[in-house]
Amino acid sequence: MTYRESSEWNEVNELRCLEIFQKLNDAKFPRGMQIDLCRDMSRITNLEVGNISAKVSNYKSVAGINSASNASSNTVELFNKFGKLTVAQIGALIERAKSGESVV
């Protein structure tokens with residue numbers, strides 16, 4: 001997977017968005033939950049809430065929940081590889097990726 005050097009997007013943050021998507025999916029997408037989870041992620045990253053929310057919405061599109069979007073190839077690749085995992089399993093992948101291990 002490739003990310004622009006000047007960007008805060010990386011494998012860990014991409015996986016965090018997949019984790020948010022999975023939490024939403026498990027909870028049947030309750031109103032307001034997405035923005036709350038995106039705010040939580042924003043507090044631990046240098047990413048804006050709106051950018052995180054857009055990425056989560058791209059996961060919804062890739063999953064067929066929303067209409068088609070301009071999801072990145074990284075988003076599509078991660079969803080295809082890990083979209084069936086549980087929140088706990090995705091959390092474990094995030095921890096591995098944070099330690100420097102590539103999970104893709």
Side-chain angles (χ1 to χ4, degrees):
M1 302 184 88
T2 58
Y3 298 92
R4 284 182 293 152
E5 243 180 77
S6 61
S7 172
E8 292 295 325
W9 286 107
N10 54 42
E11 193 172 84
V12 171
N13 287 333
E14 187 87 39
L15 285 166
R16 285 177 172 146
C17 288
L18 177 59
E19 182 181 43
I20 290 171
F21 164 78
Q22 200 58 274
K23 286 177 181 179
L24 292 167
N25 190 35
D26 290 349
K28 308 289 189 245
F29 302 97
R31 189 171 196 75
M33 185 177 179
Q34 179 169 331
I35 200 69
D36 290 341
L37 293 173
C38 292
R39 277 190 195 109
D40 291 344
M41 181 177 160
S42 179
R43 287 184 191 104
I44 62 170
T45 67
N46 289 325
L47 295 167
E48 297 291 327
V49 173
N51 292 339
I52 295 166
S53 186
K55 178 67 76 171
V56 172
S57 292
N58 285 339
Y59 276 106
K60 289 178 174 177
S61 295
V62 172
I65 295 163
N66 284 355
S67 57
S69 71
N70 292 323
S72 71
S73 59
N74 292 338
T75 299
V76 172
E77 182 179 352
L78 278 179
F79 183 81
N80 288 337
K81 287 185 179 184
F82 305 123
K84 303 286 187 216
L85 297 181
T86 66
V87 170
Q89 290 169 320
I90 296 168
L93 286 175
I94 291 168
E95 291 307 311
R96 286 176 41 203
K98 282 169 52 178
S99 72
E101 181 180 342
S102 179
V103 297
V104 181

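Keep in mind that what you see is a predicted model, and the values were worked out from it rather than measured.
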Task: salt bridge (charged side-chain N to carboxylate O under 4.0 Å, His left out) pairs, two or more places apart, involving residues 57-75 - done: none

- [ ] For the pair Ser42 (side chain) and Cys38 (backbone), establish whether a donor and an acceptor sit closer than 3.5 Å, ignoring hydrogens and angles.
- [x] no

Task: Test side chain to side chain donor-acceptor pair (under 3.5 Å) applied to Asp36 - qualifying residues, sequence neighbours left out - done: Arg39

Cut-off 3.5 Å, no hydrogens considered: what does the side-chain donor-acceptor table look like for residues 77-84, sequence neighbours left out?
{"residue": "Glu77", "atom": "OE2", "partner": "Lys81", "partner atom": "NZ", "Å": "3.3"}
{"residue": "Asn80", "atom": "ND2", "partner": "Val76", "partner atom": "O", "Å": "3.3"}

- [ ] Please list, chain by chain and in numerical order, all residues satisfying side chain to side chain donor-acceptor pair (under 3.5 Å) with Asn66, sequence neighbours excluded.
- [x] none

Task: Spatial distance of atom NZ (Lys28) from atom CE (Met33) [nearest 0.5 Å] - done: 12.0 Å

TODO: Calculate, to the nearest 0.5 Å, the distance between atoms CD and CG belonging to Glu11 and Leu93 respectively.
DONE: 8.5 Å

Task: Residues clustered with Val49, ILVMFWY side-chain links under 4.5 angstrom - done: Ile35

Open item on the list: Thr45: which residues meet the side-chain contact (heavy atoms from CB on, under 4.5 Å) condition with it, sequence neighbours left out?
Closed with: Asn13, Arg16, Met41, Leu47, Ile52

Open item on the list: So, using side chain to side chain donor-acceptor pair (under 3.5 Å) as the criterion, who are the partners of Thr86 when residues are at least two apart?
Closed with: Gln89

Task: Contacts of Asn58 that satisfy side-chain contact (heavy atoms from CB on, under 4.5 Å) - sequence neighbours left out - done: Ser69, Ala71, Thr75

Open item on the list: The test is side chain to side chain contact (heavy atoms under 4.5 Å, CB included); show your working for Phe29 and Ile65 and say whether it passes.
Closed with: CA-CA 10 Å; Phe29 302 97; Ile65 295 163; 3.4 Å; yes

Open item on the list: I'd like to check the side-chain contact (heavy atoms from CB on, under 4.5 Å) partners of Asp26; sequence neighbours left out, ordered by chain and number.
Closed with: Gln22, Val87

Open item on the list: Are Val62 and Phe21 packed together at the side-chain level, in the sense that at least one heavy-atom pair is separated by less than 4.5 angstrom?
Closed with: no

Task: Partners passing side chain to side chain donor-acceptor pair (under 3.5 Å) against Arg31 (at least two apart in sequence or in another chain) - done: none

Open item on the list: Tell me every residue that passes salt bridge (charged side-chain N to carboxylate O under 4.0 Å, His left out) with Glu14, counting only those two or more places apart in sequence or in another chain.
Closed with: Lys55

Task: Taking every non-hydrogen atom, the tightest pair across Ser67 and Ser61 - done: O-OG, 2.7 Å

Open item on the list: To the closest 0.5 Å, what do you measure between NZ (Lys23) and CG (Leu37)?
Closed with: 6.0 Å

Task: Residues in side-chain contact (heavy atoms from CB on, under 4.5 Å) contact with Glu48, at least two apart in sequence or another chain - done: Asn51

